[in-house]
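The structure appears right after this line, and notes come after that.
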Amino acid sequence: MASPQGRKPPPSRPRWLGDLGTLAIIGTLFGAVYLLPPDNSFEAVEKAGRITACMPTLYPPLVTADPAEPGFDVELMGLIAEQLGLRLTVLPNAAMAKDFNPRSWRVTRAQCQVLAGGIALTTPVLSYLDATAPYLSTGWAVVSKEPLANLEDKSIGFYAGLSGLDRVALSRQLRAMGLRPRIVNSAEALEKGLADGSFDVGISEALVARQIAGANDWSVAWAPGVEERYPIGIGLWKGDLTLKRKLVSALGQLEADGSLDALKQKYDIADIGGVMGGGAVPDLE
């Protein structure tokens with residue numbers, strides 16, 4: 001039938017033409033994938049015989065200034081390099097200890113193949129980097145000579161450490177509990193204050209608190225009311241899949257043969273089993 005204007009409607013297009021177009025687009029995408037250069041991330045470091053790790057200048061106990069005990073992550077990366085038949089070079093970067101946002105560290109692929117020394121696997125980090133599975137965790141933690149049910153009427157020493165944890169949220173929580181901690185300027189001062197009774201409790205970044213607790217056979221627990229829990233792993237550049245597989249395999253071997261636990265004992269990194277006063281926490285390690 002003619003249209004009201006006297007013209008015939010255009011013929012309908014066969015459905016198979018649309019399906020053919022879709023298949024053509026999919027085929028083009030698959031072809032583009034095959035044209036991408038192969039991932040030679042591990043081949044490149046293997047050829048050089050060296051892997052370079054960007055790390056903070058100082059972030060104890062993960063990175064220290066002591067050549068005899070250079071830090072947990074420094075030694076861990078050394079063991080991984082050894083597993084892979086490589087030499088390790090550590091490239092210090094002072095900005096890495098100040099916050100957990102890798103975009104502010106000004107680190108590039110040309111500088112290092114991996115990043116370690118407190119790489120918290122947060123959303124901003126994982127949007128920028130790939131990473132291994134976590135092997136430690138951090139957040140705010142409480143250390144004391146004996147396990148405590150609460151912080152009521154306790155004298156508290158506080159050392160923030162070098163991490164980018166949220167101090168405002170912790171301060172708000174402590175004020176809500178009617179607590180006024182005394183700020184100290186080093187982990188050594190916090191440990192000394194606990195030892196001589198100046199403080200009943202120490203609050204610090206979890207890695208510092210765990211080391212103090214481990215060295216003295218004291219109690220350590222996650223701080224109450226502050227929910228930050230950051231898993232820590234090794235960062236690497238997105239797309240470096242062959243290198244990631246090698247790192248994951250080496251870490252698995254070090255965990256299986258007890259080397260990872262031996263390093264934790266060497267650096268007095270105690271386990272944290274729950275929140276102060278009771279309660280379990282997600283296992284990030």
Side-chain angles (χ1 to χ4, degrees), residues 39-98 100 102 104-121 125-126 128-138 162-163 207-208 210-211 230-269 285:
D39 170 26
N40 64 345
S41 53
F42 179 70
E43 182 183 349
V45 296
E46 188 177 36
K47 184 176 180 180
R50 180 185 303 276
I51 187 167
T52 301
C54 286
M55 296 192 190
T57 306
L58 187 69
Y59 191 39
L62 302 184
V63 183
T64 77
D66 182 358
E69 293 187 352
F72 180 92
D73 270 25
V74 177
E75 292 205 41
L76 178 60
M77 276 306 309
L79 291 173
I80 289 173
E82 185 180 326
Q83 286 267 344
L84 301 180
L86 303 170
R87 300 185 304 278
L88 172 67
T89 297
V90 175
L91 184 64
N93 182 321
M96 290 178 64
K98 295 179 180 178
F100 290 153
S104 68
W105 300 341
R106 300 184 183 276
V107 178
T108 67
R109 186 187 291 267
Q111 293 174 307
C112 48
Q113 293 85 38
V114 298
L115 298 90
I119 305 301
L121 307 185
V125 169
L126 294 178
Y128 190 73
L129 299 170
D130 202 347
T132 66
Y135 47 84
L136 288 172
S137 56
T138 190
L162 300 172
S163 71
L207 292 168
V208 172
R210 295 166 74 151
Q211 189 176 42
Y230 293 147
I232 292 175
I234 296 170
L236 65 158
W237 303 104
K238 286 185 178 294
D240 287 357
L241 297 180
T242 55
L243 179 58
K244 178 179 178 178
R245 291 189 192 108
K246 292 291 185 178
L247 293 175
V248 169
S249 176
L251 268 173
Q253 180 60 41
L254 294 173
E255 184 173 11
D257 68 17
S259 298
L260 199 58
D261 284 338
L263 266 186
K264 289 183 182 181
Q265 292 176 13
K266 177 177 179 178
Y267 285 93
D268 296 316
I269 298 178
E285 299 179 27

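What you are looking at is a predicted structure, and each value in this text was computed from that prediction instead of being measured. The chain is numbered in sequence order, starting from 1.
- Taking all atoms of both residues into account, the shortest heavy-atom contact from Gln113 to Val45 is CG-CG1, 3.4 Å.
- No more than 12 heavy atoms of other residues, nucleotides or ligands sit less than 6.0 Å from atom CD of Glu82.
- Minimum interatomic distance between Leu126 and Ala131 (heavy atoms only, all atoms of both residues): CD2-CB, 3.9 Å.
- Side-chain contact between Leu86 and Ile80 is absent, with no heavy-atom pair separated by less than 4.5 Å.
- The shortest distance between side-chain heavy atoms of Lys264 and Leu136 falls below 4.5 Å.
- Looking at every heavy atom in both residues, Leu236 comes nearest to Thr132 through CD2-N, 4.3 Å.
- Leu115 is not listed as a side-chain neighbour of Pro102, based on a closest heavy-atom distance of 4.5 Å or more.
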Could you go through the side chain to side chain donor-acceptor pair (under 3.5 Å) check for Tyr135 and Asp73 one step at a time?
-> CA-CA 10 Å; Tyr135 47 84; Asp73 270 25; 3.0 Å; yes
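- Side-chain contact between Leu207 and Ile232: present, with at least one pair of heavy atoms (C-beta onward) separated by less than 4.5 Å.
- Within the 4.5 Å cutoff, the side chain of Leu260 has heavy atoms near those of the Phe72 side chain.
- Enclosure of atom CD in Glu255 is not indicated, since only 12 or fewer non-hydrogen atoms of other residues, nucleotides or ligands lie within 6.0 angstrom.
- When all heavy atoms of Cys54 and Gln111 are compared, the closest pair comes out as SG-CB, 4.3 Å.
- Nearest heavy atom pair, residue Glu69 against residue Glu75, reads CA-OE2, 4.3 Å.
- A pairwise comparison of heavy atoms in Val74 and Leu88 identifies O-CD2, 3.8 Å as the closest pair.
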